[in-house]
Amino acid sequence: MGGEISIIITISLIIFSSPLISKLLKLPTIPVEIMMGTFAAYLAFIVDHPTFHLVAELGFLYLMFLAGLEIDLKKLLSISPTMLKKSLLYNVVLFSSSICITLYFDLGKIFIVILPLISIGVLAALKKEYGDTEWIKMAFIVGLIGEIISIFALTTVSAALEFGVGADFYKTMALFILFLVAMLMVYKLFHNLIWWFPEIKNYLMPEKDHQEQDIRISMAIFFLMITVMMYLHLEIAFGAFIAGIFITTFFEEHNKQLPNKLEHFGFGWLVPIFFISVGASLEIEALLNWDLVIKAFLITLAMIVIRLLASLLFVKEMGWNRFYMLGLCHSMPLTLLIAVSTIAYNNQSITQEYYYAFILASILEVLLVMVIIRIITSLVYFRNSN
């Protein structure tokens, strides 16, 4: 009982104080939560507990749900063919570079998937700070394609790690493709149904809603998709991601405040518990290992360099003085990097040392890239003001 009380009090204090500390240090809240979780575990305020792990896993799934909320299929389908081709080519360059690095340095095959990961979650923080600039808009468009490919890679790797490349793996991937086809059919059916009967939206989410019906139906879809993925033995995180896409695609126009409400609901208490648990899984003694720090720095450097290389494809659209901002924006796949590393470590595909290196790299990426972007924008502002 004492351990449970200690965990609850510690988590409450971290959730409350992390935004204040992040504002003071001028850092994103996520790295602060991870670091505070590490110190709390080191001081034994947070100990191993099944309930804590369960809530942390739910926080991770909700995080993937929020990632899905960033993707509106209607906007995705309206992307110009040229931009779509360039976005796909951008990912081809990322994966090709990743394969070259993995083979040259004789790394584990999991690196081929991890190095090109793209997650647009941290982009929201950049948008809040710098506004809806052209480079942020471009980063969102290209990032949408990249995140979908990354989630697909996450599902494939998860199946390969769990079943190995054999009959069970091919069966799982066939189920996964059938699931995607079924989701497209559901999307088309629901789209036509709403076109014929637009009042359905108002019935599901009334304008004068005094019972938070919008959040209730969102949570119902969230848990329903998780249940379907569990039944099909597919990656549960992908189900949460699909649920987020469904909500944004069909209900954002009807209820523009819904994504913000769901984001505040998640980042207010559930998602931070996942990041605190990630921090708690790290050992400070291991982080003081110089070899580990070097590994983390090299991973960070590799991930930034391949994105800067791929962003050369957009020189025509963004110019020589802006194209690199695209690569920098995509160099912070914090959530997905932690997710894939956690799955790989749980399936014993990477050692504990590499797991720590990836977590540390995810934090280093955010810190370095945020500082670099701030310096670049300050220099541009200074040059323009003169």
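Remark: S281 engages Y355 in a side chain to side chain donor-acceptor pair (under 3.5 Å) (not counting sequence neighbours). With sequence neighbours excluded, no residue forms a side-chain contact (heavy atoms from CB on, under 4.5 Å) with K23. Taking V371 as the reference, I375 meet the side-chain contact (heavy atoms from CB on, under 4.5 Å) condition, with sequence neighbours excluded.
Ring to ring, F190 and F246 are close: their centroids are under 6.0 angstrom apart. Taking the centre of each ring, Y356 and Y345 stay at or above the 6.0 Å mark. For F176 and F179, the gap between ring centers reaches or exceeds 6.0 Å.
At a threshold of 4.5 Å between non-hydrogen side-chain atoms, the residues M325 and M138 do not count as touching. Taking 4.5 Å as the limit, every side-chain heavy atom of L58 sits out of range of all side-chain heavy atoms of F274. P50 places none of its side-chain heavy atoms less than 4.5 Å from the side chain of L54. In this structure, the side chains of L360 and F297 stay at 4.5 Å or more apart for every pair of heavy atoms. At a threshold of 4.5 Å between non-hydrogen side-chain atoms, the residues I118 and Y90 count as touching. Side-chain contact check for F275 versus L63: some heavy-atom pair is nearer than 4.5 Å.
Residue F140 holds its CZ atom at 10.5 Å from CH2 of W135, rounded to the nearest 0.5 Å. Taking CG of L84 as the start and CD1 of I141 as the end, the distance is 11.5 Å to the nearest 0.5 Å.
Hydrophobic clustering of Ile, Leu, Val, Met, Phe, Trp and Tyr side chains at less than 4.5 Å, counting indirect connections, unites I372 with F323. Hydrophobic clustering, with ILVMFWY side chains joined whenever heavy atoms are under 4.5 angstrom apart, groups L94 together with L88. In the hydrophobic clustering of this structure, I112 does not group with I304; members are Ile, Leu, Val, Met, Phe, Trp, Tyr whose side-chain heavy atoms approach within less than 4.5 Å, directly or through other members. Hydrophobic clustering, with ILVMFWY side chains joined whenever heavy atoms are under 4.5 angstrom apart, groups F314 together with I376.
A salt bridge does not link R322 with E317: none of the charged nitrogens is closer than 4.0 Å to a carboxylate oxygen.
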Show me the side-chain donor-acceptor pairs of residues 180-189 shorter than 3.5 Å, one per line, residues at least two apart or across chains.
none

Expected list for residues 9-19: side-chain donor-acceptor pairs under 3.5 angstrom, two or more places apart:
from, atom 1, to, atom 2, distance (Å)
T10, OG1, S6, O, 2.6
S12, OG, I8, O, 2.7
S17, OG, L13, O, 2.7
S18, OG, I14, O, 2.9

Please output the side-chain donor-acceptor pairs of residues 215-230 that fall under 3.5 Å, not counting sequence neighbours, one pair per line with the distance.
from, atom 1, to, atom 2, distance (Å)
R216, NE, Q211, O, 2.8
S218, OG, D214, O, 2.7
T227, OG1, F223, O, 2.7

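A donor-acceptor contact shorter than 3.5 Å links the side chain of T248 to the backbone of L69. Within the 3.5 Å criterion, the main-chain N or O of E4 finds no donor-acceptor partner in the side chain of H49. A distance-only check finds no donor-acceptor pair linking the side chain of S87 to the backbone of V142 [under 3.5 Å]. At distances below 3.5 Å, not a single donor-acceptor pair connects side-chain atoms of S98 with backbone N or O atoms of I114.
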Q: Go through T38 and V278 one step at a time and tell me if the side chain to side chain contact (heavy atoms under 4.5 Å, CB included) criterion holds.
A: CA-CA 8 Å; T38 303; V278 169; over 6 Å; no

Q: Evaluate the side chain to side chain contact (heavy atoms under 4.5 Å, CB included) criterion for residues I273 and F52: first the C-alpha distance (whole Å), next the side-chain angles of each, then the deciding distance (0.1 Å), finally the verdict.
A: CA-CA 8 Å; I273 295 175; F52 175 53; 3.9 Å; yes

Q: Test L337 against M303 for side chain to side chain contact (heavy atoms under 4.5 Å, CB included), laying out the working first.
A: CA-CA 11 Å; L337 181 53; M303 293 181 78; 4.3 Å; yes

